[in-house]
Each structure stands twice: as C-alpha cells, then as structure tokens.
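Note that these values count all heavy atoms, side chains included, but never hydrogens, waters or copies made by symmetry.
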Amino acid sequence: MDTLCLESLMLGADGLVAGLVDAFPRETVAMYHLVNKGEYKQAIAIYRWFMPLLELDIHPKLVQYIKLAATAEGISTPYTRAPRLPLIGEEEQRVKKIIADAIATRPLL
C-alpha cells in the first residue's frame with residue numbers, strides 16, 4: 001500500500017511496489033534516497049505532502065485515480081479498459097482537485 005511506503009523503507013524495505021510512483025517518480029525516489037541516507041525529517045516532509053495522493057491508491061478505483069494523476073503530469077491519458085469505467089461528475093472533480101492541490105504545493109527537491 002502506497003500509504004505505508006515511508007514506514008516500510010524506514011523499517012528496512014529494499015524498495016517499493018507502488019502506484020503513485022507512476023505519476024510522481026521524482027518525489028518517490030527522493031523519499032527513498034533520503035531514508036537511505038538517514039535524513040528522515042526531509043523524507044517525512046515529502047511524505048506528508050504526498051499522503052493525499054497516496055490515499056488515492058487505497059480505493060477500488062485506484063487505476064482511474066492514478067491515471068488521472070499521471071495525466072495531470074503529462075505522462076498518461078485518463079482512459080482505462082473495461083471493465084473499469086471513466087470517472088465522472090463530483091468524483092472526477094474531487095480527485096482532480098486533490099491532484100491539482102498537490103501539484104501546486106509540490107516540494108522543491
């Protein structure tokens with residue numbers, strides 16, 4: 001689960017299998033390297049910024065959510081194959097706002 005990535009690294013995990021890394025690889029790799037260097041305070045700052053995005057990975061529509069995030073980063077499209085359906089209405093707007101807010105407050109790496 002993406003929401004446990006920092007704790008896992010701090011407890012000695014050698015790497016991650018994660019979803020939001022697809023859309024935000026720089027931030028994920030930065031956290032990884034900071035933990036490996038023992039710079040936990042900086043890693044935690046990125047993790048706190050990242051958490052609203054990471055929570056998108058623990059929902060049944062995680063594929064659609066991750067694809068929206070990757071689309072916002074210019075590296076994907078929002079389209080998914082059946083049986084997954086596109087996001088619409090309030091749900092789509094809510095997820096896009098989470099993504100936009102994160103991008104607007106992205107930490108400097």
Could you tell me whether the side chain of [Y] reaches within less than 4.5 Å of the side chain of [X], counting heavy atoms only?
X      : Y     : value
Ile66  : Asp57 : yes
Cys5   : Met31 : yes
Ile103 : Ile99 : yes
Tyr40  : Leu34 : no
Leu87  : Leu68 : yes

Where do [X] and [Y] come nearest, in terms of heavy atoms and distance?
X      : Y      : value
Asp101 : Thr105 : O-OG1, 3.0 Å
Ala23  : Ile75  : CA-CD1, 4.0 Å
Val35  : Ala43  : CG2-CB, 3.8 Å
Ala69  : Phe24  : CB-CE1, 4.0 Å

Atom [atom1] in [X], atom [atom2] in [Y]: separation rounded to 0.5 Å?
X     : Y     : atom1 : atom2 : value
Glu90 : Gln93 : CD    : CD    : 8.5 Å
Leu20 : Met51 : CG    : CE    : 10.5 Å
Met1  : Ile58 : CE    : CD1   : 5.0 Å

>> Is it true that, when you exclude Arg106 itself, more than 12 heavy atoms of the residues, nucleotides or ligands shown sit nearer than 6.0 Å to its CZ?
In response: yes

>> Hydrophobic clusters here meaning ILVMFWY residues chained together by side-chain heavy-atom distances under 4.5 Å, can you tell me if Leu6 and Leu109 are in one?
In response: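 In one cluster with Leu6: Leu109, yes.
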
>> Is there a path of hydrophobic side-chain contacts, each under 4.5 Å between heavy atoms, that joins Val63 and Leu54?
In response: yes

Okay, side chain of [X], backbone of [Y]: is any donor-acceptor separation there less than 3.5 Å?
X     : Y     : value
Tyr32 : Asp14 : yes
Asp2  : Gly19 : yes
Glu27 : Ile46 : no
Ser76 : Thr71 : no
Lys67 : Tyr79 : yes

> With a 4.0 Å cut-off, would you call Lys61 and Glu92 a salt bridge?
Replying inline: no

> Given Tyr47 and Gln42, is the side-chain hydrogen bond (donor to acceptor under 3.5 Å, both in side chains) satisfied, shown in steps?
Replying inline: CA-CA 9 Å; Tyr47 190 54; Gln42 296 93 323; over 6 Å; no

> Name the one of Leu9, Leu4, Val21 that satisfies side chain to side chain contact (heavy atoms under 4.5 Å, CB included) with Leu16?
Replying inline: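 Output: one option passes, namely Leu9.
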
> Would Glu91 and Tyr65 satisfy side-chain hydrogen bond (donor to acceptor under 3.5 Å, both in side chains), going step by step from the backbone distance to the final call?
Replying inline: CA-CA 10 Å; Glu91 180 180 28; Tyr65 292 176; 2.6 Å; yes

